[in-house]
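Note that this is a predicted model, so its numbers are computed, not measured.
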Amino acid sequence: MKGTIKLGIAQLFVWNMIVLLLIPWGAFAQPSTEQLQPEKNYRLPFISTDQTLNMPKNAVSYWFFMPKGGTITEQSSLNIHFTFSSTLLDTRSNLTIYVNGTALETKGIYTLQKEGQGWWSIKLPIDKIRQNDTNEIKFTSNQRSFEGDCADIDNPDNWVILHSDSYLNITLKDDYTAELSGFYPVYYEGLSNQNLLATDFILPKEDREESLTALLKLSSSIGAAYAGRQMLDFQVYEEMAHGSDQVNEISVRNKIYLGPFSAWRDNQSLQALSQNMNEDEGYLAITGPTESTPYYTTIIGGKDATGFEKAVNFITNRTLLEQANQSSLILKSQIQSFKSAFTANQEGVYSFSDFGYPTINLAGAFHQRAYLNFIQPQEIRSSKGSYINLKFSHSQALVSDRSVITVTLNGTPVASTKLTAANTEEGTLKINIPEKYLKSPLLEVGIECYNYLGAVDCSKDYSDSAWTVIDADSQIVFFPGDVMLQPTLKMFPYLYSGQNGEPAKVALGMPEQFDADSLEAAALLAARLGQNTGRVYDWNLLEQYAPTSEQKKMDLIFLGSYQEIDLPEEIKTTLAVAPTENNQLRIQDDVNVITETLQNKVLIQVIRSPWDPTRRVYVIMYNNQEDLTVLKQALSNKEILQKMEQQLSLVNSSLDVSNLNAGEKAAVSVPKTTEDRVKDLERITRMPWWLVAVLIVLIIAALIALLRLRRVKNEFIKAGEKMKAEQGFKEAENGSAEGQKAEKDNTEKQSKN
């Protein structure tokens, strides 16, 4: 009973602290009515770039998460900006809008053009929008330029363009509920730009290393959860005192307070939260929006460093977080870092599902496509003989003479087969992977189908009768090789740590006096790493750029200006461009760059770790603060990063990328441990290692027995000869032998005569 009373008092105290916590923020930042009003009226673009639709029938979908608690008003609408080819037929071309599968309205393209001058605005039915769920807005078009049977297939004059300034307008009458389980959705899936990840992070002045490593881990978790987002906008602020002018400069958007409560120097509300907490306890809370703070605020903290670590591990574990249907939570249980489920296979045989791909239905008449990306595991170049075993099935209605499935590798067609009655239910297609594609860590696999039904009405998609299904059990076989992949900036940044269930760790070297710009660059880098690998990373900070013996076993990232960065000598000798004393640069002879061309540019390099050839080292250097801003801009835009390749890249103030080759002089063999050699033995013999060991022991024992038997036999022979000699049998034998020889000689002489 007493425990229940104490628990109730503790919960009441926590809620009071949350209320108190909001008071200073409202006092600090008082947005005007003009600032508050746009937060109730959300204008959400849903097309990142103009989309061209050029099939007779097209469909484009947009998804957004609607948190529970908010009430959508009748003023909410979908506004589509479009243009179309003048060759389209008025009576055969139209547009349709669906909400969660329900058709709202269909209008002719020319009618819409006349009414809205290329804009179509349609009200959203508030009863069709689902709360605490993901909603689909679907846009379809029928467009024909010719009468008759499907003359518009592959017709370049048959097009409709959806423009990127189209937007979804949602007006909320009240605010929606804040729960910890909805942290990721309301921050990054809710009523926000679906192409952008944006957050304000606020760190305490004390214990900055703990807060920074937590910021990096959380950033990698956000990136891993939203790999497709092209744009990032992370702002990092230091703890602000009461009445600080910097508070008024913070944008009106979602915020995260990140740090152990003992580290907050000036924020008394956060300090007070720890007064009713025990040692080693973590704390999480989410609030908002309110009149004074029209955004969400999340607190990630703890009584001390141990409790803070629990809170960070909890919020980066999506499975655990989705179980927290409350606004605040005190964590007492031990919480470990979330580990990736991917495990490298010693045989090199993987299914598509191992890489996260489900069964894919390529439904609809004519052209259908899907594109998959596979990363070679363990940073080892797969050997000759690697292949893809594609498993598929298709509709019996397809015309086999014209229906075909084609597989491309890195955009180049490599194999095709007809879709016939023989492979309707269990079709297979084996594609050998040429060695030239295995030199890159990334293998881009395209699957293209042509589902042909004959003469059909192109205003229908025939998805119920024209389909090809790619099974998730399809296999890609990366036969293990003996040579390691050459590190490149393709997919920068990408690290292989954490593939086999071990913790994904990375060590970061930064200037000792890091400012907001360097913190933001590091957070953006961590988010991109999470996007590229799908893993959440534990981060270590290097002290004065010097890795410890434990950190030398990790992947490493060095970030800093030419003047501040202090690289270990082992790394300097390997880099193509390395800083030396007196602010000079040492450049390898075969690298086509000079000191003058490095001015006002960001320099990004990748090498193999000198302490562990399976690990990578990224070195990011710049000349001044303006260059650091360029680095942030490049990390914020995924399109810029996708232009990087080779081993060295330069980024200028215009965000142009120049790539230079600085490859290794010789191939690096895969280092073999005792465990690796045992596995190789089992793979070759196809027997368990202990059975091989038993057989070897038996063979050795048999050889020893044979040698001993032979030695015993020789000893018997020698003993017999000795006895004969002692008893005179030896001389008699010699005499007899001499007599036989003389008789033989006489016989030979007589024969000659």
Side-chain angles (χ1 to χ4, degrees), residues 55-61 63 98 101 136 138 140 149-150 153-154 341-342 345 347-375 377 382 385-434 437 442-479:
M55 295 291 290
K57 188 175 182 64
N58 304 273
V60 177
S61 293
W63 290 268
Y98 299 81
E136 181 190 23
K138 187 176 182 181
T140 67
D149 295 332
C150 293
I153 291 294
D154 301 323
F342 183 88
N345 188 325
E347 300 293 336
V349 181
Y350 304 92
S351 64
F352 284 13
S353 60
D354 291 333
F355 288 86
Y357 292 111
T359 295
I360 301 171
N361 182 17
L362 300 176
F366 306 108
H367 297 284
Q368 306 296 331
R369 300 177 177 88
Y371 298 98
L372 317 178
N373 290 332
F374 298 95
I375 305 293
S382 301
S386 298
Y387 64 91
I388 298 172
N389 184 29
L390 192 68
K391 300 179 181 180
F392 62 89
S393 58
H394 62 86
S395 169
Q396 295 182 356
L398 299 186
V399 179
S400 59
D401 288 341
R402 300 284 298 275
S403 299
V404 65
I405 184 170
T406 299
V407 175
T408 65
L409 295 180
N410 295 357
T412 303
V414 291
S416 296
T417 189
K418 288 184 177 181
L419 301 175
T420 65
N423 56 28
T424 299
E425 296 182 357
E426 296 182 351
T428 59
L429 177 61
K430 182 177 179 180
I431 305 100
N432 291 319
I433 304 175
Y437 296 120
L442 175 65
L443 186 68
E444 301 172 354
V445 178
I447 303 173
E448 303 178 1
C449 294
Y450 190 74
N451 299 330
Y452 187 70
L453 293 174
V456 296
D457 182 358
C458 284
S459 63
K460 301 178 181 179
D461 61 9
Y462 295 95
S463 57
D464 55 344
S465 56
W467 49 265
T468 300
V469 172
I470 309 301
D471 201 314
D473 290 332
S474 298
Q475 295 174 323
I476 182 166
V477 180
F478 289 118
F479 281 145

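Rounded to the nearest 0.5 angstrom, Tyr462 OH and Lys57 NZ are separated by 10.5 Å. Rounding to the nearest 0.5 angstrom, the gap separating the SG atom in Cys449 from the NE2 atom in His367 is 11.5 Å. Remark: Leu442 CG to Ile375 CD1 distance equals 4.5 Å, nearest 0.5 Å. To the nearest 0.5 angstrom, Trp467 atom CH2 is 10.5 Å from Leu419 atom CG. In this structure, the separation between CD1 on Ile470 and OG on Ser393 is 8.0 Å, given to the nearest 0.5 Å.
Of all the heavy atoms in Thr428 and Phe392, the pair that sits closest is N-CE2, 3.6 Å. Closest approach of Ala415 and Leu429 over heavy atoms only: CB-CD2, 4.3 Å. Heavy-atom minimum distance, Ala472 versus Thr359: N-OG1, 3.3 Å.
Formation of a donor-acceptor pair under 3.5 Å by the Ser395 side chain with backbone atoms of Ser465 is found in this model. Using a distance-only test at 3.5 Å, with no hydrogens or angles considered, no donor-acceptor pair links the side chain of Ser353 to the main chain of Asp473. Checking side-chain atoms of Asn451 against main-chain N and O of Leu362 turns up a donor-acceptor pair under 3.5 Å. Looking at Thr140, its side chain never comes within 3.5 Å of a backbone N or O of Ala59 through a donor-acceptor pair.
One side chain, Ser351 or Asp354, offers a donor N or O that lies under 3.5 Å from an acceptor on the other. Judged purely by distance below 3.5 Å, without hydrogens or angles, the side chains of Glu136 and Ser61 pair a donor atom with an acceptor atom.
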### Query
Given the rule in the side chain to side chain contact (heavy atoms under 4.5 Å, CB included) test, do Tyr387 and Phe479 qualify, once you have shown the distances and angles that lead to the verdict?
CA-CA 8 Å; Tyr387 64 91; Phe479 281 145; 4.1 Å; yes
### Message
Run the ring pair (Phe, Tyr, Trp, His ring centres under 6.0 Å) test on Phe374 and Phe352 for me, step by step, so that the C-alpha distance in whole Å, both residues' side-chain angles and the decisive distance to 0.1 Å come before the verdict.
### Response
CA-CA 9 Å; Phe374 298 95; Phe352 284 13; 5.1 Å; yes
#### Entry: Criterion side chain to side chain contact (heavy atoms under 4.5 Å, CB included) on Leu372 and Ile447, from CA distance to verdict
CA-CA 8 Å; Leu372 317 178; Ile447 303 173; 4.2 Å; yes
### Message
Between Tyr450 and Lys418, does the side chain to side chain contact (heavy atoms under 4.5 Å, CB included) criterion hold? Intermediate values first, please.
### Response
CA-CA 9 Å; Tyr450 190 74; Lys418 288 184 177 181; over 6 Å; no
### Task
Report the C-alpha distance between Asn389 and Lys391 in whole Å, list the side-chain angles of each, state the deciding distance to 0.1 Å, and finish with yes or no for side chain to side chain contact (heavy atoms under 4.5 Å, CB included).
CA-CA 6 Å; Asn389 184 29; Lys391 300 179 181 180; 3.9 Å; yes
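Using a 4.5 Å heavy-atom cutoff, the side chains of Tyr350 and Pro377 are in contact. Between Ile476 and Leu443, the closest side-chain pair of non-hydrogen atoms falls below 4.5 Å.
Ring pair Phe355/Phe478 is perpendicular by interplanar angle, where above 60° counts as perpendicular and below 30° as parallel.
Looking at Asn423, Thr468, Thr420 one by one, the single match for side-chain hydrogen bond (donor to acceptor under 3.5 Å, both in side chains) with His394 turns out to be Asn423.
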Show which side-chain atoms of residues 399-413 pair as donor or acceptor with protein atoms under 3.5 Å away, not counting sequence neighbours.
unit_1	atom_1	unit_2	atom_2	d
Ser403	OG	Val399	O	2.9
Ser403	OG	Tyr452	N	3.0
Ser403	OG	Tyr452	O	3.3
Thr406	OG1	Ser416	OG	2.9
Thr408	OG1	Gly446	N	3.4
Asn410	OD1	Glu444	N	3.0

